[in-house]
A.B. asks: 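Quick one: the structure is below, questions incoming.
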Amino acid sequence: MKIGIVCYPTFGGSGVVATELGKALAAVGHKVHFITYSQPTRLDFFSDNIYYHEVHIPNYPLFQYAPYESALSSSMVNVVKNEKLDLLHVHYAIPHASAAYLAKQILQSQGIHIPIITTLHGTDITLVGKDRSYEPVITFSINQSDGVTSVSEFLKKATYDYFPIAKEIEVIPNFIDLSRFKKQKKDHFKLAICPNGEKLLVHTSNFRKVKRIQDIVLMFNKVKNLIPSKLLLVGDGPERNEIENMCRDLDLMQCVRFLGNLDAIEEVLSVADLFVMPSETESFGLAALEAMACEVPLITSNAGGLPELNIQGVTGFMSNVGDIDDMVKNAVYILQDENLSRFKENALARAKEFDLANILPQYESFYERVVAESQESLERELKVVG
Ligand code: GMT
């Protein structure tokens, strides 16, 4: 198939999933065309089957806000026409689903039919999408998509709860490439961070409020008094400065390191003993799955789709959002030497259930079904008109 993938190219779950999916589809022979405003962060190699089309957004002094959605729709129209795509798969509803709808209408006026699949990732529904400023457009464009997927049962339910959606939503969970995300021998790295055999706690995210990174700092402040440990905070975003100040105020800078955005995140995860994700909500928790694949157990909140990933008492523990003392108790339990290796094994076993090899065929058969159904409905419409 010739597939167009539209996503956010920056660090962030939806862009990572879209890019990894595109790479995997290309590896099994599909032609994949990425349409984004800059090179996706994980698209840093050459493949015969991967193409990159940059959305050009011309500016003009009249625009206080450059009309990105119009530029994106125009790019989609051009790529579908020039590359003769079979399908457009857009990741994150805002504004990709509505831009795709417009592109579809423009193409239809030129006698070209293109099916659209929208994948919902989380904040496009749970935070931003349900804002009144976006809700009518989101509802309309989800209903107009030829196929809709969500990354967890939780997100499917949330979508039906928040929006009047008539469309069937297919749950296809996120996945992991186990050939990349696996525990590597990085003893020198561990020794540099934990020279006295301390345990290592890690968090990776885009440092947004929804991640509740302050809970990690408060939790770590107690854990380190019970078990010698260090904390690595990986990623960057709006909360980072405040969290750094908090660590300074709590006199934690000797034990906490901020690493910023990292490409080779699997190298850091390879030396971690515990991954912490206390989010307010999380539709799936891809960063936690990446940690599990590197044999790292989890301390997470029980919000959103996290119970679909983290098995209580097996791959780690879940606590109510903001319950710092429960997270401390559970972290100390996991980090005991007699428990740690069992949790690590369980984390890896669970990650294997989300192996790319299991999930990719689900996307491929969904693509085939949507393309066939949308072709049939087009033929029905043409018959009625004829
Ligand atoms: O978590 C974020 O703020 C990034 C966001 C995104 O769209 O990039 O992540 C969402 O999509 C990921 C991939 O499907 C999920 O693993 C994350 O759980 C989800 N984030 C939230 O629901 C907060």
Side-chain angles (χ1 to χ4, degrees), residues 5-22 24 36-38 40-43 89-97 117-131 134 138 148-159 161-162 169-177 181 203-213 215-216 233-240 261 265 275-293 298 300-310 318 321 350-351 354 356 359-360 362-363:
I5 291 189
V6 178
C7 64
Y8 284 107
T10 45
F11 285 90
S14 63
V16 169
V17 170
T19 311
E20 296 294 346
L21 175 62
T36 63
Y37 60 76
S38 70
T41 33
R42 289 206 183 167
L43 201 64
H89 185 177
V90 305
H91 291 258
Y92 206 90
I94 313 167
H96 300 155
I117 289 179
T118 299
T119 289
L120 308 172
H121 279 275
T123 48
D124 46 352
I125 297 297
T126 54
L127 288 182
V128 200
K130 65 182 183 185
D131 190 297
Y134 296 116
I138 300 288
V148 182
T149 76
S150 79
V151 298
S152 62
E153 291 291 342
F154 157 79
L155 187 58
K156 174 178 175 173
K157 185 174 178 310
T159 308
D161 287 348
Y162 298 146
I169 299 176
E170 177 102 354
V171 175
I172 304 184
N174 285 335
F175 52 84
I176 189 84
D177 178 356
F181 283 89
H203 169 80
T204 67
S205 78
N206 51 18
F207 279 59
R208 296 192 198 281
K209 264 205 163 13
V210 69
K211 304 293 172 184
R212 293 186 67 100
I213 302 174
D215 288 1
I216 302 174
L233 294 171
V234 185
D236 207 352
E239 292 293 293
R240 178 176 161 158
N261 282 326
I265 185 67
F275 186 84
V276 193
M277 182 180 259
S279 305
E280 184 84 36
T281 180
E282 200 69 59
S283 69
F284 182 88
L286 181 66
L289 174 58
E290 292 178 344
M292 289 162 93
L298 309 176
T300 69
S301 68
N302 54 12
L306 286 168
E308 294 171 52
L309 183 67
N310 189 8
M318 292 178 289
V321 173
R350 179 73 174 145
F354 297 89
L356 172 63
I359 310 297
L360 184 66
Q362 294 184 37
Y363 272 112

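These numbers were taken from a predicted model, which means no experiment stands behind them. Read the numbers this way: they start at 1 and go in the same order the structure lists the ligands and their atoms.
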A.B. asks: For ligand 1, is Thr126 a contact, meaning one of its heavy atoms is under 4.0 Å away?
C.D. replies: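 Contact check Thr126 vs ligand 1: negative.
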
A.B. asks: Test of understanding: given a 4.0 Å heavy-atom threshold, classify the contact between Tyr92 and ligand 1 as side chain, backbone, both, or neither.
C.D. replies: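 Looking at Tyr92 and ligand 1, just side chain atoms fall under 4.0 Å.
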
A.B. asks: Going through the checks in order, is the side-chain hydrogen bond (donor to acceptor under 3.5 Å, both in side chains) test met by Thr119 and Thr149?
C.D. replies: CA-CA 5 Å; Thr119 289; Thr149 76; 2.7 Å; yes

A.B. asks: Non-hydrogen atoms of Lys211 versus ligand 1: any pair closer than 4.0 Å?
C.D. replies: yes

A.B. asks: Evaluating non-hydrogen atoms only, which member of Ser152, Ser283, Ala288, Ala287 is closest to atom 15 (C) of ligand 1?
C.D. replies: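 When every heavy atom of Ser152, Ser283, Ala288, Ala287 is considered, Ser283 comes closest to atom 15 (C) of ligand 1.
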
A.B. asks: Would you check if there is a donor-acceptor pair between the side chains of Thr126 and Tyr162 at a distance under 3.5 Å?
C.D. replies: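 Note: Tyr162 and Thr126 side chains miss the donor-acceptor criterion.
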
A.B. asks: Show your working on side chain to side chain contact (heavy atoms under 4.5 Å, CB included) between Glu290 and Val16 and close with a plain yes or no.
C.D. replies: CA-CA 11 Å; Glu290 292 178 344; Val16 169; 4.1 Å; yes

A.B. asks: Is there at least one pair of N or O atoms, one from Leu286 and one from ligand 1, spaced under 3.5 Å apart?
C.D. replies: yes

A.B. asks: Quick test of your reading of the model: are Lys157 and Glu308 salt-bridged, counting only N-O distances below 4.0 Å?
C.D. replies: no

A.B. asks: Within a distance under 4.0 Å of any heavy atom of Val151, pick out the atoms of ligand 1 and give their elements.
C.D. replies: 14 (O)

A.B. asks: Is the ring pair Tyr363/Phe175 parallel, tilted or perpendicular, if the boundaries are 30 and 60 degrees?
C.D. replies: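 Taking Phe175 first and then Tyr363, their aromatic rings stand perpendicular (interplane angle over 60°).
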
A.B. asks: Ligand 1 and Phe284, any nitrogen or oxygen pair closer than 3.5 angstrom?
C.D. replies: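 Right, the criterion is met.
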
A.B. asks: Residues in salt bridge (Lys or Arg N to Asp or Glu O under 4.0 Å) with Asp177, at least two apart?
C.D. replies: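 Partners of Asp177 by the salt bridge (Lys or Arg N to Asp or Glu O under 4.0 Å) criterion come out as none, since no residue qualifies.
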
A.B. asks: Under 3.5 Å, N or O to N or O, is His121 touching ligand 1 that way?
C.D. replies: yes

A.B. asks: Show which atoms of ligand 1 fall inside a sub-4.0 Å distance from at least one heavy-atom site of Gly122.
C.D. replies: 22 (O)

A.B. asks: Just go through Thr281, Asn206, Val17 and tell me whose heavy atom is the nearest to atom 2 (C) of ligand 1.
C.D. replies: Asn206

A.B. asks: If you count the non-hydrogen atoms of other residues, nucleotides and ligands that lie under 6.0 Å from OH in Tyr37, is the total more than 12?
C.D. replies: yes

A.B. asks: Under 4.0 Å from a heavy atom of Gly13: which atoms of ligand 1 are those, numbered in the order shown and with their elements?
C.D. replies: 4 (C), 6 (C), 8 (O), 12 (C), 13 (C)

A.B. asks: Got a sec, which residues hit ring pair (Phe, Tyr, Trp, His ring centres under 6.0 Å) with Phe284, two or more places apart in sequence or on another chain?
C.D. replies: Phe354

A.B. asks: Short N/O distance, under 3.5 Å, between Gly15 and ligand 1?
C.D. replies: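 No; the residue has no nitrogen or oxygen that sits under 3.5 Å from a nitrogen or oxygen of the ligand.
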
A.B. asks: Please identify which atoms of ligand 1 are closer than 4.0 Å to at least one heavy atom of Asn174.
C.D. replies: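 In order of number, 13 (C), 14 (O), 16 (O).
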
A.B. asks: For the pair Arg350 (side chain) and Leu309 (backbone), establish whether a donor and an acceptor sit closer than 3.5 Å, ignoring hydrogens and angles.
C.D. replies: yes

A.B. asks: At less than 4.0 angstrom from any non-hydrogen atom of Ser14, what atoms of ligand 1 do you find?
C.D. replies: 6 (C), 7 (O), 8 (O), 11 (O), 13 (C)

